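A short write-up of the structure that comes next.
Predicted model, so just to flag it, every value in this text is computed and none were measured.
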Amino acid sequence: MSTITIGTAPDSWGVWFPDDPEQVPPSRFLDEVAEAGYEWIELGPYGYLPKDPAELKDSLDSHGLGVLAGTVFEHLHRPDSWDAVWIQVTDVAALTQAVGGTHIVVIPDVWRHHKTGEAVESRDLTPEQWAQKTSGLDELGRRILEEYGLHVQFHPHADSHVGYQPDIERLLESTNPEWVNLCFDTGHIAYYSGDCLELIQKYPERIGYLHLKQVNPAIVERVLDKDLSFPEAVRMGAMIEPPLGVPDMPPLLEAVADLGRDIDGIIEHDLYPCPPDLPLPIAKRTKDYLSTCSTATIEFGRQQ
């Protein structure tokens with residue numbers, strides 16, 4: 001049996017952007033993370049928390065927090081995309097490394113306009129675009145590991161080209177496990193009716209990191225039926241705290257624990273935008289639930 005180390009992230013406090021008047025300030029986020037009993041976080045959007053490593057470390061230390069991962073976005077299927085992606089990586093990876101993180105979560109850009117929901121490109125990739133994306137991800141993972149010592153965990157995402165289970169499997173079969181593994185986001189997999197347990201069973205060695213969340217299947221069904229965007233789905237309440245949604249957490253946590261190796265991850269609840277008093281009670285309830293819902297060994301604190 002392995003230990004699952006779990007933290008939380010700015011996303012669970014409704015933070016999607018470096019700076020936005022609808023978001024809670026970083027000081028409140030850090031205060032409430034500590035109050036809720038978490039000791040690990042992700043950095044969230046680059047620039048939300050301090051960019052200076054010393055300033056960030058001081059802020060984390062004052063709250064008793066450590067960092068598991070940073071996040072970057074990629075669009076490597078597009079022509080001449082490498083430089084833009086890599087410039088972003090150099091900032092995030094350097095900061096993540098400086099404060100002791102070990103993972104870089106790589107999220108694919110969506111094919112819809114983030115604000116309007118209109119399509120900005122085809123929702124399907126050509127074989128040539130798939131090849132460019134997967135070879136680019138291998139190169140990204142190799143360089144991040146060699147230059148920063150961080151492990152790339154690819155994050156399937158709603159409204160992206162890698163969201164449905166066949167897309168996830170295709171990507172795993174087309175990339176090198178030395179350099180690219182899976183940020184296993186249970187909510188985004190369930191969003192398109194993927195089978196989390198089947199994916200763990202088929203690709204146990206590729207589960208590199210966790211994002212634990214649930215979706216409300218009734219709302220997601222309406223979203224997909226009307227072809228609404230992911231931000232619209234979030235505003236409608238598509239993401240929901242466990243145990244109120246799917247996938248079922250106890251067997252999932254036990255399947256991860258049976259992998260036979262320790263694994264890191266976060267509880268993540270997409271909430272943008274949300275009332276400022278909403279996240280903290282959800283974070284407390286979710287932590288309490290995941291602590292007791294399964295036989296898996298769950299660790300929320302940092303080893304001293």
Going through the distances and angles, do Asp20 and Tyr272 end up as a side-chain hydrogen bond (donor to acceptor under 3.5 Å, both in side chains)?
-> CA-CA 11 Å; Asp20 187 290; Tyr272 180 86; 2.9 Å; yes
Between Tyr48 and Asp19, is a side chain to side chain contact (heavy atoms under 4.5 Å, CB included) present by the stated rule, with each step listed?
-> CA-CA 6 Å; Tyr48 175 67; Asp19 184 36; over 6 Å; no
Given the rule in the salt bridge (charged side-chain N to carboxylate O under 4.0 Å, His left out) test, do Glu178 and Arg142 qualify, once you have shown the distances and angles that lead to the verdict?
-> CA-CA 8 Å; Glu178 283 188 64; Arg142 182 188 66 81; over 6 Å; no
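Classification of the His155-His188 ring pair by plane angle, with boundaries at 30° and 60°, yields perpendicular.
Of the listed residues (Thr297, Leu210, Asp264), just one forms a side chain to side chain contact (heavy atoms under 4.5 Å, CB included) with Ile4, and that residue is Leu210.
A donor-acceptor contact closer than 3.5 angstrom is absent between the side chains of Glu128 and Gln132. There is a side-chain donor-acceptor pair under 3.5 Å between Arg206 and Thr175. No hydrogens or angles considered: nothing links the side chains of His75 and Glu121 as a donor-acceptor pair under 3.5 Å.
Contacts of Ser2 classified as side chain to side chain contact (heavy atoms under 4.5 Å, CB included), with partners at least two apart in sequence or in another chain: Ala257, Asp262. For Asp185, the salt bridge (Lys or Arg N to Asp or Glu O under 4.0 Å) partners two or more places apart in sequence, or in a different chain, are Lys213.
In this structure, the side chain of Trp179 does not engage the main chain of Leu140 through any donor-acceptor pair within 3.5 Å. A donor-acceptor pair under 3.5 Å is formed between the side chain of Ser62 and the backbone N or O of Ser59. Formation of a donor-acceptor pair under 3.5 Å by the Thr292 side chain with backbone atoms of Asp288 is found in this model.
Under 4.0 Å is where a charged nitrogen must lie from a carboxylate oxygen, and between Asp195 and Lys202 no such pair does.
Applying the side chain to side chain donor-acceptor pair (under 3.5 Å) test to residues at least two apart or on different chains, none of the pairs has a partner in residues 79-102.
Proximity of Leu253 to Val256: side-chain heavy atoms (C-beta onward) are nowhere separated by under 4.5 Å.
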